[in-house]
Structures are given as C-alpha cells and as structure tokens.
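Everything below concerns the one structure shown next.
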Amino acid sequence: MVAGIGFGVCLSFITLLVVGTYSAAAGLASSAGGAVGLAKGAVPAAYQPLVQRWGTYCASLNPAMLAAQLYSESGWKTNAVSPVNAQGIAQFMPDTWATHGIDGNGDGKRDIWDPADAIPSAASYDCELAKYVKGVPGDASDNMLAAYNAGAYAVIHYKGVPPYSETQGYVKTIRSLEKSFAAPVGRVQPSQQAAGAIYYAQQKLGTPYLWGGEGTPEQGGRFDCSGLTQAAYQSVGITLPRVANDQYNAGPHPARDELLPGDLVFFSTDLGNSRAIHHVGLYVGGGYMINAPYTGAVIRFDKIDAPDYFGATRVTKDGAAALPTLKPGA
C-alpha cells in the first residue's frame with residue numbers, strides 16, 4: 001500500500017474521481033483525425049525517421065498509417081517470413097517485390113530484408129495504388145488500403161471499399177491501429193469501459209504477485225502486471241494482448257497531464273522504444289495506479305511518476321481488436 005493513504009479512503013477517493021470523470025466526459029472532444037505526427041516511442045527509434053519521412057510520400061498516406069501497416073504485417077521484425085513466404089518488415093511477396101521494390105537508401109540494391117529499402121517500398125506501393133483509385137468516391141485513404149488488400153480493380157468496380165469482409169476488416173484494422181501510432185493533436189476521447197476495469201482491479205488489491213499469472217484458479221487467482229490489466233479489461237468485454245508492450249498499441253496515447261482513470265500506464269527500459277516496455281499499470285487518478293509490481297509484492301497502489309515512465313494508452317474496443325497476434329515481446 002502507498003504510505004499515507006488508507007485503503008478505504010483511497011477507494012472512496014477513486015470512486016469520486018471516476019464519477020467526476022464520466023460526468024464531464026461529454027465535454028471532452030477528440031481531434032485525432034488528420035494527425036501525421038508519431039506518438040512518442042510508438043515506432044522503434046531505428047525506423048522512426050524512415051516512417052516519418054516516407055509516411056508523407058503522398059496525400060493518402062500519413063506516418064501513423066504507414067506505421068500501423070508495418071506493425072500489423074510484421075511487428076517490426078526485419079526477418080519475418082509468413083506461411084505464404086511474405087518477407088521482411090513490410091511482408092512483401094517476392095513477385096510483388098520484384099515489381100514494386102525500390103532502392104530506398106540509394107546504395108544500388110533493392111533488398112527486401114533491409115528496412116531502409118522495404119519501408120520506402122511499402123510507402124511507394126501504397127501511393128501507387130492510391131493513384132489507381134484516385135477518382136473513386138469515398139475516403140481516399142480507405143480506398144488505398146482496400147486496393148492494397150483486394151486490388152485496385154475491385155475498388156474501382158465497387159466504387160469504394162469492396163463488400164468483402166476481409167477487405168473491410170483490413171481497412172478498419174489499419175485505421176484503428178493508426179490512432180495508436182499517431183501523436184494526438186487534441187484531447188483523447190474518454191473510455192466508457194474504464195470504470196469497470198478499475199472496479200475489477202480494485203477487487204484484486206492485496207493479491208500476491210505471480211510472474212506469468214493470469215488469475216486462474218490453478219494460479220491461486222494471482223497475476224503479473226500485464227495479466228492484471230488484461231483481466232481488468234476482459235471483465236468489460238475488451239480483449240487485450242497478453243504482454244505489456246503489445247497492450248501499448250490498444251488505443252490512442254493521452255499526454256501525462258490528460259490522463260484519466262482507466263488509462264494504461266507503461267514503463268520502459270528505453271524511453272524511445274515501445275517494444276522495450278517492461279511494466280504496465282492501471283491509472284486511477286491523482287498520480288496513482290493499481291499494479292502488480294514484482295515477485296514478493298502484492299497488487300497495490302503506486303505512484304506513476306518514475307524515471308522509466310514511458311507513456312499511456314486509452315484502451316478502445318476497436319484498438320484492441322485491431323492488434324495483430326504477435327509473439328510475446330515483454
């Protein structure tokens with residue numbers, strides 16, 4: 001427990017804070033649309049300049065959208081190979097690469113495995129598709145993404161995103177993930193599921209920590225940090241990934257002074273790289289979080305202000321649903 005805050009007093013404080021938050025929620029607006037900046041650390045530092053530069057290659061593309069595609073395709077793994085032999089960080093098929101791969105770094109080679117070639121090639125290919133469907137009614141970026149998935153002819157034929165469930169799902173996934181990679185340009189819309197997630201976590205206060213714990217009966221109802229946040233949001237119908245660094249991409253990222261109860265707060269060994277996140281907690285207001293801190297401790301309230309504080313995520317159902325199934329990274 002946090003020194004100086006009694007258990008019952010702290011719960012009462014949080015209850016009042018949550019009620020106040022949602023009383024005022026209607027007065028907060030979201031203006032994330034059109035953002036082209038990248039959220040702090042969302043893209044690994046080694047690739048951020050490439051994504052920022054090539055994400056502005058045409059009007060239908062922006063850096064956050066390009067980042068969302070790359071993350072969805074490979075999870076930033078440069079050596080990724082899919083079951084159908086799509087290769088590299090941008091997951092080009094060899095035949096597509098032979099036609100659309102470019103020498104992005106000007107070294108005289110077009111290397112499908114080199115992010116300095118593959119990331120520019122992904123942007124170039126997107127923008128080439130955007131040209132093909134330029135005259136089609138509807139949102140130009142949606143049409144470009146639909147063409148990436150279903151082909152430009154299908155978009156032209158149906159005069160917009162085709163009525164294919166796979167294509168419609170792909171467009172929704174990338175546009176949802178885009179919000180997680182974009183630096184917000186205004187206040188982030190509050191989450192209506194946050195109060196329920198906090199309520200769940202409150203019931204677990206005092207439970208001993210267990211590394212790898214997911215709260216199962218076999219584990220004695222114990223959790224680790226990301227197991228607790230996953231279970232808290234599962235209790236309100238939102239499925240988060242199992243590990244902390246993947247949970248970071250489950251929604252947009254409010255600034256430190258815009259945190260609301262229910263936001264996930266993250267801590268990283270590298271403040272420029274979300275893949276280095278090592279801990280997550282559930283923000284409850286007043287600079288405090290509920291978290292499962294480490295072996296030997298119990299689920300408790302802790303302050304969030306620490307040297308390794310990385311940032312926060314306001315979980316959304318669409319954002320969580322858009323996350324790819326990736327191998328654990330933290």
Side-chain angles (χ1 to χ4, degrees), residues 28-56 61-76 89 115 119 122-123 141 173-191 194 226 229 233 240-241 243-260 262-283 289 304-306 308-324 326 329-330:
L28 298 178
S30 171
S31 56
V36 295
L38 292 171
K40 183 189 74 119
V43 175
Y47 312 130
Q48 184 167 336
L50 282 168
V51 173
Q52 188 69 59
R53 175 188 172 191
W54 287 91
T56 59
L61 188 65
N62 68 59
M65 190 185 305
L66 179 59
Q69 284 186 291
L70 294 166
Y71 175 69
S72 179
E73 293 288 347
S74 69
W76 306 110
I89 195 170
I119 292 175
S141 297
T173 291
I174 299 303
R175 297 314 295 264
S176 295
L177 281 174
E178 177 188 346
K179 296 174 184 176
S180 176
F181 285 98
V185 294
R187 285 191 174 273
V188 179
Q189 185 176 0
S191 166
S226 55
T229 51
Y233 269 96
L240 291 175
V243 296
N245 60 11
D246 287 333
Q247 291 180 4
Y248 181 74
N249 292 109
H253 308 293
R256 170 65 182 84
D257 61 356
E258 296 175 349
L259 291 180
L260 293 176
D263 290 344
L264 297 183
V265 286
F266 296 89
F267 304 82
S268 180
T269 57
D270 180 349
L271 298 184
N273 185 1
S274 66
R275 305 310 294 167
I277 286 171
H278 65 87
H279 187 62
V280 59
L282 188 67
Y283 188 64
M289 64 180 170
I304 70 167
D305 290 319
D308 58 345
Y309 176 77
F310 181 82
T313 296
R314 188 154 299 155
V315 174
T316 68
K317 197 175 186 83
D318 284 346
L323 294 174
L326 301 172

With side chains defined as the heavy atoms from C-beta onward, is the minimum distance between Y47 and I89 less than 4.5 Å? yes
Does T313 reach the main-chain N or O of V315 with its side chain, forming a donor-acceptor pair under 3.5 Å? no
Quick check: do Y233 and L264 have side-chain heavy atoms less than 4.5 Å from each other? yes
Locate the shortest heavy-atom distance separating A67 from V43; write the atom from each residue and the value. CB-CG2, 3.7 Å
Quick one, L259 and I304 - any side-chain contact, counting heavy atoms below 4.5 Å? yes
Who pairs with A123 by side chain to side chain contact (heavy atoms under 4.5 Å, CB included), at least two apart in sequence or on another chain? W54, Y57, L61, L66
Smallest heavy-atom separation, T316 atom then P252 atom, equals CG2-CD, 4.0 Å
Distance from N249 atom CG to K179 atom NZ, nearest 0.5 Å? 14.5 Å
Out of curiosity, L70 CG to W76 CH2, how far, rounded to the nearest 0.5 Å? 5.0 Å
Q247 side chain to S226 side chain, donor-acceptor N/O pair below 3.5 angstrom: no
Answer yes or no: is there a side-chain heavy-atom contact under 4.5 Å between D246 and Y71? yes
Show the nearest heavy-atom pair for residues A276 and D270, with the distance to one decimal. CB-CB, 3.7 Å
For Y248 versus S274, what's the shortest heavy-atom pair and its separation? CD2-CB, 3.6 Å
Atom CZ of R53 with >12 non-hydrogen neighbours under 6.0 angstrom: no
Compare all side-chain heavy atoms of I174 with those of S72 and state whether any distance is below 4.5 angstrom. yes
Write down the atom of M289, the atom of G281, and the distance for their closest heavy-atom approach. SD-CA, 3.9 Å
Between L240 and A320, the two heavy atoms sitting closest are CD2-CB, 4.1 Å
Would you indicate whether the side-chain heavy atoms of Q69 and E178 approach each other to under 4.5 Å? no
Can a side-chain donor-acceptor contact be found between D318 and S176 if the only test is distance below 3.5 angstrom? no
Taking the side chain as every heavy atom from C-beta outward, state whether P44 and N273 have any pair of such atoms under 4.5 Å apart. yes
pair H278-D308: side-chain heavy atoms closer than 4.5 Å: yes
For this output row, return yes or no: ring centroids of F310 and F267 closer than 6.0 angstrom. no
Does S180 use its side chain to pair, donor to acceptor, with the backbone of G251 at less than 3.5 Å? yes
